[in-house]
Protein chains: 2
Amino acid sequence: MSAPERSLRADARRNRESVIDAASELFARRGDNVQMEEIATRAGLGVGTLYRHFADKRALRAAIIGRRFEAMTSLARAAEELADPWAAFESLLLGYLESAEPDVAFRLAILGPEEAAWGDIVAEKTAFAAIVERVVQRAVDAGLLRADFRPDDFVLITRGAMANMSGSADWRRHLTLQLEGIRVAEL
Amino acid sequence: MSAPERSLRADARRNRESVIDAASELFARRGDNVQMEEIATRAGLGVGTLYRHFADKRALRAAIIGRRFEAMTSLARAAEELADPWAAFESLLLGYLESAEPDVAFRLAILGPEEAAWGDIVAEKTAFAAIVERVVQRAVDAGLLRADFRPDDFVLITRGAMANMSGSADWRRHLTLQLEGIRVAEL
DNA sequence: GTATATTCGGAACCGGAATTCCGATTCCTA
DNA sequence: TAGGAATCGGAATTCCGGTTCCGAATATAC
């Protein structure tokens with residue numbers, strides 16, 4: 001991530017923290033529909049300060065989303081611990097989606113076409129992807145997921161579910177339907 | 001739709017047509033990332049003219065999307081004609097998605113949270129929905145779709161597929177997986 | 001406690017894009 | 001084919017939010 005260089009004056013470190021908190025909160029609730037000034041205000045700072053810590057809006061958003069990916073990664077690690085292959089897969093899938101649900105910015109980042117300058121994020125994303133790959137493979141090997149199920153399908157499924165997280169759509173219902181399409185019928 | 005009042009001066013009607021064509025083209029290709037001026041230019045007109053025909057960007061976009069819904073509706077009508085219940089259902093589903101694929105603006109309209117002032121559109125949307133309901137019901141009654149399949153599920157499925165139309169995601173693959181979750185296993 | 005480097009704050013600045021305005025132009029009717 | 005209404009064109013205006021700047025305030029070193 002944006003290496004929080006050692007040696008930052010105490011107040012600076014504290015403020016950086018505030019900015020991140022405020023930004024996380026707002027981006028999560030309103031996606032990209034948030035002004036730099038509002039973030040600064042909510043952090044109890046001036047916009048200038050905010051720009052001292054992050055080059056521009058993009059960088060700030062990227063940092064926030066990178067952070068969410070870190071959370072996703074540890075969540076994934078926890079799921080992988082589970083002994084039962086199916087439990088691990090389902091836990092990963094559901095945990096990921098439930099974490100994404102309340103974070104509009106994250107969902108937009110995943111669903112949107114934004115291919116540009118994701119810098120940091122990519123790394124985190126990759127770490128997460130590695131775990132997904134292992135968990136999926138384990139479930140397939142155990143004969144619980146259709147043999148032709150690929151890690152990419154995990155992406156298809158999750159994006160699909162996330163697309164139904166706005167408004168009144170019931171993404172859990174959608175997930176259920178999707179699972180019936182990929183799980184191997186028992187017996 | 002925005003009732004093209006009778007009695008529009010010939011040139012006016014012609015220009016309105018140009019605007020709609022240009023806007024359709026551009027919105028379809030670039031979603032909302034299009035300027036009023038660009039639309040005017042491509043239509044061979046000045047922005048002023050454009051505003052004479054549509055109150056603002058919103059109205060213009062709404063008109064364009066409403067138009068797409070009209071197309072979707074006639075497409076749906078055609079699908080409903082098919083004798084085989086499953087063929088009708090599949091044709092509707094696939095036809096809808098294939099029409100949506102090349103139209104970024106339409107997809108955004110469906111996927112986005114934009115709840116505000118859809119005015120016109122809603123009507124068209126409703127007409128389309130009515131057909132979907134009948135086609136779905138017919139497939140369910142024929143025992144080809146799981147008994148608990150509801151028209152709302154059609155929305156879940158299509159939104160899911162549309163979410164995988166950007167970048168390298170393979171929405172057809174996703175659709176296949178989803179179909180296996182809702183179709184009744186033959187025999 | 002003073003000096004010096006950092007950091008803060010927020011008014012001012014800027015660029016981009018939507019929308020307005022009104023004189024010039026074009027259509028249509030009598 | 002003249003008159004007047006309807007329409008066009010596009011420069012000018014407005015709005016909005018990101019970004020910059022630099023004097024003031026604050027922290028840390030000595």
Side-chain angles (χ1 to χ4, degrees), chain A residues 2-23 25-27 29-65 104-105 108-109 112 114 116-117 119, chain B residues 2-23 25-27 29-65 104-105 108 114 116-117 119:
Chain A
S2 14
E5 330 273 350
R6 211 51 335 187
S7 74
L8 257 192
R9 229 169 67 174
D11 57 341
R13 179 140 45 230
R14 201 175 329 125
N15 290 338
R16 166 179 257 270
E17 213 49 35
S18 301
V19 170
I20 292 181
D21 288 348
E25 166 70 12
L26 291 173
F27 280 138
R29 171 157 48 237
R30 305 218 306 274
D32 203 15
N33 183 206
V34 181
Q35 299 75 359
M36 293 302 261
E37 175 140 18
E38 188 176 3
I39 295 175
T41 299
R42 168 177 261 262
L45 303 168
V47 274
T49 304
L50 190 158
Y51 277 92
R52 164 167 308 282
H53 293 288
F54 298 91
D56 54 29
K57 197 177 188 180
R58 262 201 153 187
L60 177 55
R61 199 179 18 198
I64 300 302
I65 295 183
V104 181
L108 286 180
E114 319 212 15
Chain B
S2 15
E5 329 275 348
R6 213 46 338 184
S7 74
L8 256 192
R9 232 169 64 176
D11 57 341
R13 180 142 42 233
R14 199 177 327 126
N15 289 338
R16 165 178 258 271
E17 214 48 36
S18 301
V19 170
I20 292 180
D21 288 348
E25 166 70 12
L26 291 173
F27 280 138
R29 171 156 49 237
R30 305 218 305 275
D32 203 16
N33 184 205
V34 181
Q35 298 75 355
M36 294 301 262
E37 175 141 19
E38 187 175 5
I39 295 174
T41 299
R42 167 177 262 260
L45 303 167
V47 275
T49 304
L50 190 157
Y51 277 92
R52 165 167 308 284
H53 292 288
F54 298 91
D56 54 28
K57 197 175 189 183
R58 258 197 158 192
L60 176 55
R61 198 179 19 193
I64 301 302
I65 295 184
V104 181
L108 287 181
E114 318 214 14

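No hydrogens, no waters, no symmetry mates; every other heavy atom, side chains included, goes into these values.
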Inset, instruction - Mark up nucleotides 20-30 of chain D, 5' to 3', with B wherever a protein heavy atom is under 4.0 angstrom from a base atom, S wherever such an atom reaches only the sugar-phosphate, and - elsewhere. - result: B-----BSS--
Inset, instruction - Using a strict cut-off of less than 4.0 Å between a Lys/Arg side-chain nitrogen and an Asp/Glu carboxylate oxygen, indicate whether Arg58(B) and Asp56(B) qualify as a salt bridge. - result: no
Inset, instruction - Give the rounded distance in Å between these two atoms: NZ of Lys57(A) and P of dG17(D). - result: 9 Å
Legend entry - Sidechain-backbone polar pair: Arg9(A) side chain, Ala12(A) backbone, donor-acceptor under 3.5 Å: no
Inset, instruction - Working to the nearest 0.5 Å, report the span between CD of Gln35(B) and NZ of Lys57(B). - result: 6.5 Å
Legend entry - Side chain to side chain, Leu60(A) and Val19(A), heavy atoms closer than 4.5 Å: yes
Legend entry - Under-4.0 Å side-chain N/O to phosphate OP1/OP2 contact, Asn15(B) with dC8(D): yes
Inset, instruction - Nearest whole angstrom, please: distance from the C1' of dT19(D) to the CZ of Phe54(A). - result: 16 Å
Inset, instruction - To the nearest 0.5 Å, tell me how far Asp32(A) CG sits from Leu26(A) CG. - result: 12.0 Å
Inset, instruction - List the steps, then state whether salt bridge (Lys or Arg N to Asp or Glu O under 4.0 Å) holds for Arg29(A) with Glu25(A). - result: CA-CA 6 Å; Arg29(A) 171 157 48 237; Glu25(A) 166 70 12; 2.8 Å; yes
Legend entry - First-last contacting nucleotides on DNA chain C - partner chain B, under 4.0 angstrom, heavy atom: dA17(C) to dC28(C)
Legend entry - More than 12 heavy atoms from other groups under 6.0 Å of CD on Glu17(B): yes
Inset, instruction - Send over the distance from Leu50(A) CG to dG17(D) C1', rounded to a whole Å. - result: 13 Å
Legend entry - side-chain contact (heavy atoms from CB on, under 4.5 Å) partner of Leu50(B), chosen from Ile39(B), Asn15(B), Leu45(B): Ile39(B)
